[in-house]
Amino acid sequence: MFRQTALLALTLLPFSLGQVSEGFESGWDQTAWPIYAADCNQGGKVTLDSTTAHSGKNSMRVDGAGGYCGHIFFGTTKIPSGDIYVRAFVKASKALTDSHVSFITMPDSAQGSNKHLRIGGQSKILMYNRESDDATLPDLSPQGIASSTALPTGSWQCFEYHLGTDGTIETWLNGNAIAGLTSKPGVANANAAQWQRSALKPKITGVYFGWESYGGDTNTFWYDDIAISSTRVGCT
């Protein structure tokens, strides 16, 4: 009886800590990974795709339509209560443009009701956006843009980030740290002046993967081998 209880506790432990690992090989559990489309959804679509995968046979495909209401995401609220590390293998069909888009969105109670911390692109680079004051990380100056990187298209990319309880943000692409997508309290960052004007510390309540466009951009993204943990998982 003790052995059965211990095994049950071990089985439940990762989820009680908000740790998630999902490759969608058993399909798409829409209860565990529900669709998320705040306010409206006109034209966006989420499907399980067996034509491409980072590993195994399945991935999640998001066809995002143009304009804000063309947005759609899928995701989870099973996240750690402290530091949060997210790893996802991502494949984009089109390059990021000068227009503002998001491919990860996170409801952030630190910003207020119905506000989000968003990861996406603008000026052809990866960036963060804080909905409450529209701040970006990095600053979209020539120097700030140069401190980030583009998201390659047509192949699987390992995208990782860390949100610390002290307000730290760290980001990696294929294991390489992105200087422009790094912000740490008390550490000067010439490319994070706009972001660091606020002392807000992200307090997210979920992580959702998909597409949101604030102009007319459309795109198709695939997501696979998602991990959400209290420690860094890495790309292997």
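Sorted by first and then second residue, the pairs that involve residues 203-218 and meet salt bridge (Lys or Arg N to Asp or Glu O under 4.0 Å), not counting sequence neighbours, are R118-E212. The side-chain hydrogen bond (donor to acceptor under 3.5 Å, both in side chains) pairs that include a residue from residues 59-70 are D39-Y68, R61-D63, D63-T220, where partners are two or more places apart or lie in different chains.
In terms of heavy atoms, N191 sits closest to L137 at O-CD1, 4.5 Å. Nearest heavy-atom pair across G44 and A65 is N-CB, 4.2 Å. Here the shortest heavy-atom pairing between K78 and T76 reads N-OG1, 3.0 Å. Closest non-hydrogen pair, E25 versus N58, comes out as OE2-N, 3.1 Å. Taking every heavy atom of both residues into account, H116 and Q111 meet most closely at O-NE2, 3.1 Å. Between I125 and S148, the shortest heavy-atom distance links the atoms CD1-CB, 3.7 Å.
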Under the criterion side-chain hydrogen bond (donor to acceptor under 3.5 Å, both in side chains), I'd like the reasoning laid out for W222 against D49: C-alpha separation, chi angles, the key distance, then a yes or no. CA-CA 8 Å; W222 289 265; D49 193 342; 2.8 Å; yes
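When ring centroids are compared, W211 and F221 come within the 6.0 Å threshold. Ring pair Y208/F73: centre-to-centre distance not below 6.0 Å.
Residues W172 and M106 fall into different hydrophobic clusters, defined by Ile, Leu, Val, Met, Phe, Trp and Tyr side chains chained together at heavy-atom separations under 4.5 Å. V207 is connected to W28 through a chain of hydrophobic side-chain contacts under 4.5 Å among Ile, Leu, Val, Met, Phe, Trp and Tyr, so both are in one cluster.
The distance from the CG atom of L126 to the CD1 atom of I145 is 12.5 Å, given to the nearest 0.5 Å. Once rounded to the nearest 0.5 Å, the distance linking OG1 of T136 with NE2 of H100 reads 8.5 Å. I72 CD1 to N41 CG: the interatomic distance, rounded to the nearest 0.5 Å, is 4.0 Å. Expressed to the nearest 0.5 Å, how far CG of L117 lies from OG of S132 amounts to 9.5 Å. Once rounded to the nearest 0.5 Å, the distance linking CD1 of I119 with CD1 of I169 reads 8.0 Å. Atom CG of residue D225 and atom OG of residue S21 lie 7.5 Å apart, to the nearest 0.5 angstrom.
S155 and Q157 share a donor-acceptor pair across their side chains, judged by distance under 3.5 Å alone. A donor and an acceptor atom, one from each side chain of Y128 and T171, are located under 3.5 Å apart.
Side-chain atoms of K91 and H54, non-hydrogen and from C-beta on, never get closer than 4.5 Å to each other. Looking at R232 and E160, their side chains come closer than 4.5 Å, going by heavy atoms from C-beta outward.
For the pair N219 (side chain) and A92 (backbone), a donor-acceptor distance under 3.5 Å is absent.
Around the CG atom of D133, the shell of radius 6.0 Å holds more than 12 heavy atoms that belong to other residues, nucleotides or ligands.
Checking each of F103, F209, Y223 against F159 for a ring-ring contact (aromatic ring centres under 6.0 Å, His included) leaves exactly one that passes, namely F103.
Taking the six-membered ring where tryptophan is involved, the planes of F74 and F24 are perpendicular, since the angle between them exceeds 60° and thus also 30°.
Take D139 and apply the side chain to side chain contact (heavy atoms under 4.5 Å, CB included) test, not counting sequence neighbours, and it matches S141, A193, Q194.
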